[in-house]
Amino acid sequence: MGVPVSDTPLGMMACDPPQYHDRSSTARIMWAVTLCLVPAAGWGVYLYGSRALLVLAAAVGSAVVCEAAAARLASRATLRDGSAVLCGLLVGMSLSPAVPLFIPVVASAFAILVVKWSFGGLGGNWMNPALAGRVFVAFSWPGFMATWVTPRTLAGVDGLAAATPLGVVQSAGPDRLAAPLTLLREAGYPVSAIDGSVTSWLNVHVLGPIGVNLPSGYVDLFVGNVAGSIGEASALLLLLGTIVLFARRIITWHIPAAFFIGFAVCTSAFGGLETEQGLFAGDVLFSVLTGGFVLATFYMATDPVTSPLTGAGMLIYGAGAGILTFVLRAYGQFPESVALAIILMNTVVPVIDRFCTPRRSGRRKTRHAS
Amino acid sequence: MRRLRFPRGGIDAPNRKRQTRRASLWNAAIPRTSIVPLVQHAGEPAVACVAQGDRVREGMIVGRASGECSANVHAPIPGIVREIRRIDLPGGTICSAVVVDMDGEFDLLGKRATPQEWHSFDRETILGLIAEHGVVDMDGSRLPTPLGCAMPKHRPCETLILNGCESEPYLSGDHRTMVEHASSVLTGLEIVARLVRPAKVVIAVESYKQDAVSALHAAVRSSRLGYQVVRLRVRYPQGDERQLVRTITGREIPSGGRASDVGCMTLGVTTARAVHEAVVYGMPLIERVVTVAGGAMAAAANVKARIGTPIGDVIEECGGFNGTPMKVVVGGPMTGHTVIDLDTPITKGTRGVLALTAAEVRRAPTTACIQCGRCVTACPVDLNPTRLYKLITHGDLPQAVCEGLLDCTECGACGYICPSRIPLVRRMRRARIRLDGGSGE
Ligand code: SF4
Ligand code: SF4
């Protein structure tokens, strides 16, 4: 039986309601997202070798050191909330494995010190720190950003593998006249044996019966058999990670879905215009599998701090980011179009939040604060 | 049967009733000393009508209602008034309490009065009995029941709802009362229906309480009252008046208004039973059902305890603590308050006594708000808790009021869900106390 009541030490805590809480906490959320990224990061290290690991380590290390220093100055202890490690990891994963090591260090430092802490640390920033860091170094040292490493899986295959698929397509210039994958093949971009066999299996057993033919090349893009940023290669592993995020309700469907739909609709409708294939001829599949789209939509655009509060707001934000991504990709010169689109949408989140609060119960309509 | 729910907000909190929902009611021991606060209801304090050294009989009035909104308070045990002293109740109420040491004969205990033929009573007699015996809403608002039954002249009552939701986790007192005293609850409901003359009466029960639904069904059928029993989806705070009225009738109680503004009235299960006891048996409100539960309790129970029993006595009777509780809570986990003094008495509004372990509480460090929006999604009255919190922190109370601070029902959903463990409810509560002219912090 229990301890006699009078002997039990009590009085450690007087708390206001509620007296118990949901399982999640800020730290649990941050660490869970970090863990979900690890498979994709690991794949990047496998593909591009130990150099990739160094870049990741530099980014995470720099983020942690900066966070510790800034928190120290603010007399707080924030490392355990995991947001710095997550930010560093995201920065590292969005960089090429071939960059000089000072790049990830500077990118993370910029993210943590300038973007995050000059606004008071976690929760105060209005711009996604990881994306801002990435864009900052891209604009400061554009030359370093465009070198890539041939993935291990394509090492034995002939061809120009040390370039990203999106890079090849964009470098074909504004007067390119063919669909993206055709361009890739023309440029001599290799296709792995795995892609060949999986594509033909799919065509025979799954897609053939419904009258669709999948050109070779997409499977490589999906699995991540291409040159690219460390963590952006494998859409497959990134998507697997999101299963955990959805199951634990860390992210909701609103932002990724709206982002994807906004982007896909624009791409399919207008993506073919430049190549003079006319309306509704864009290659959606190619577009979402390249340029870090999956990493950005599921892991960066969903950052709670810089996204709207309500579902309706998230839909607007996601759709806006999707449309902007398309515009920037089609008419801009930068490979960082997704990052830029999200940052632009970050800036209007306060406005979205103001207009997307629910109508209050028991009132005719929402009264907005002036 | 279709299971209804309110449209927006709310949380799926684990309800943790596995232990308590099958624990039959039993009578707790009569306390040797009973501490009877004179504020156990919303409104004006009762005025003590006994003095130190007086002999009181069981069920005698020791505090008389004063003013429009107040309620009588009775001596739960016979004995001698040891003192009248100041007491701090959980939640910050400070009032006087009559302390009675047991002595002498029990007049009511074990002597069941002959039931009165209440059908022949007129409205005034019934209201008088309810007021005389100190019945208040024992399931939330603590409003004296005669006031709760007052419907505005221009708006007759259309729907009377028996609130059998008990959506707060851990608590099962209402559930057991419905199962074991279905006919008593039903009579109480019938008496109130006689007072407010509703067009229809609905009994609302959360869907998993199948045994309560069947018991009430059977009672309704045998009494031929034609009341409707509906089952509701399990979702906190289904038992709050606003959500309940919304669910059953589709009407929204206007901001700042009451259920009667949309032609509804809700009645709690425990209250219904108290009305029955008061009107039919002339029993004053000196006893209530309390759920004793939590991971740090040796055993979970639903007991009928005398008002004024120190919670420590009840805990001891249920087997004491099983390890060190992280907190001892009076009330439910969503809206209850912690206590540090085990002599805190059970009052008319005490639905539960919980001893929670650290694992149940799931504490985490408070961090900065990460703008995740979960509090906004959880709020059943569609407020923006994180924004209100910031407004209050910056001292902008007028703007906070303009954005709905006063609509907050203090249900606790936002504080429950917040991953950053921001004390949202506390800040809003204190701000409202400040607005009411209290000291706030
Ligand atoms: S405590 Fe108030 S603000 Fe928080 S969820 Fe409940 S009603 Fe909304
Ligand atoms: S739930 Fe907490 S962290 Fe999330 S927005 Fe609300 S207050 Fe901020």
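First the proteins, then the strands, lettered A, B, ... as listed; each starts at 1.
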Measure the shortest side-chain to side-chain distance between [X] and [Y] over non-hydrogen atoms and say whether it is less than 4.5 angstrom.
X	Y	value
Leu315(A)	His254(A)	yes
Gln399(B)	His394(B)	no
Ser108(A)	Val60(A)	no
Tyr317(A)	Asn346(A)	yes

Item to check | Heavy-atom closest contact (Ala111(A) atom, Pro129(A) atom, distance) | outcome: CB-O, 3.1 Å
Chain B contact via [X] - which portion, at a heavy-atom distance below 4.5 Å:
X	value
Ser307(A)	backbone
Leu122(A)	both
Thr310(A)	side chain

Contacting moiety of [X], where chain A heavy atoms sit under 4.5 Å:
X	result
Cys372(B)	both
Arg251(B)	neither
Val376(B)	side chain
Pro423(B)	neither

Item to check | Salt bridge flag under 4.0 Å for residues Arg258(B) and Glu241(B) | outcome: no
Checklist entry - Does Asp407(B) pair with Arg242(B) as a salt bridge, N-O distance under 4.0 Å? => result no
Do you know which of [options] has the most heavy-atom pairs with chain A at a distance under 4.5 angstrom?
options	answer
Ala364(B), Ala355(B), Gly404(B), Cys379(B)	Gly404(B)
Asn384(B), Ile417(B), Leu356(B), Ile11(B)	Ile417(B)
Leu383(B), Ile370(B), Thr335(B), Ile253(B)	Ile370(B)
Gly415(B), Gly332(B), Pro380(B)	Gly415(B)
Pro14(B), Cys375(B), Cys411(B)	Pro14(B)

Item to check | Candidates Phe298(A), Tyr299(A), Phe263(A) - the one meeting ring pair (Phe, Tyr, Trp, His ring centres under 6.0 Å) with Phe293(A) | outcome: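 When Phe298(A), Tyr299(A), Phe263(A) are each tested with Phe293(A), the ring pair (Phe, Tyr, Trp, His ring centres under 6.0 Å) holds only for Phe263(A).
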Checklist entry - Run the side-chain contact (heavy atoms from CB on, under 4.5 Å) check on Val64(A) and Val85(A) step by step: do they pass? => result CA-CA 6 Å; Val64(A) 167; Val85(A) 172; 3.8 Å; yes
Checklist entry - Of the listed residues (Pro308(A), Gly311(A), Gly313(A), Ser25(A)), which shares the most heavy-atom pairs with chain B below a 4.5 Å separation? => result Ser25(A)
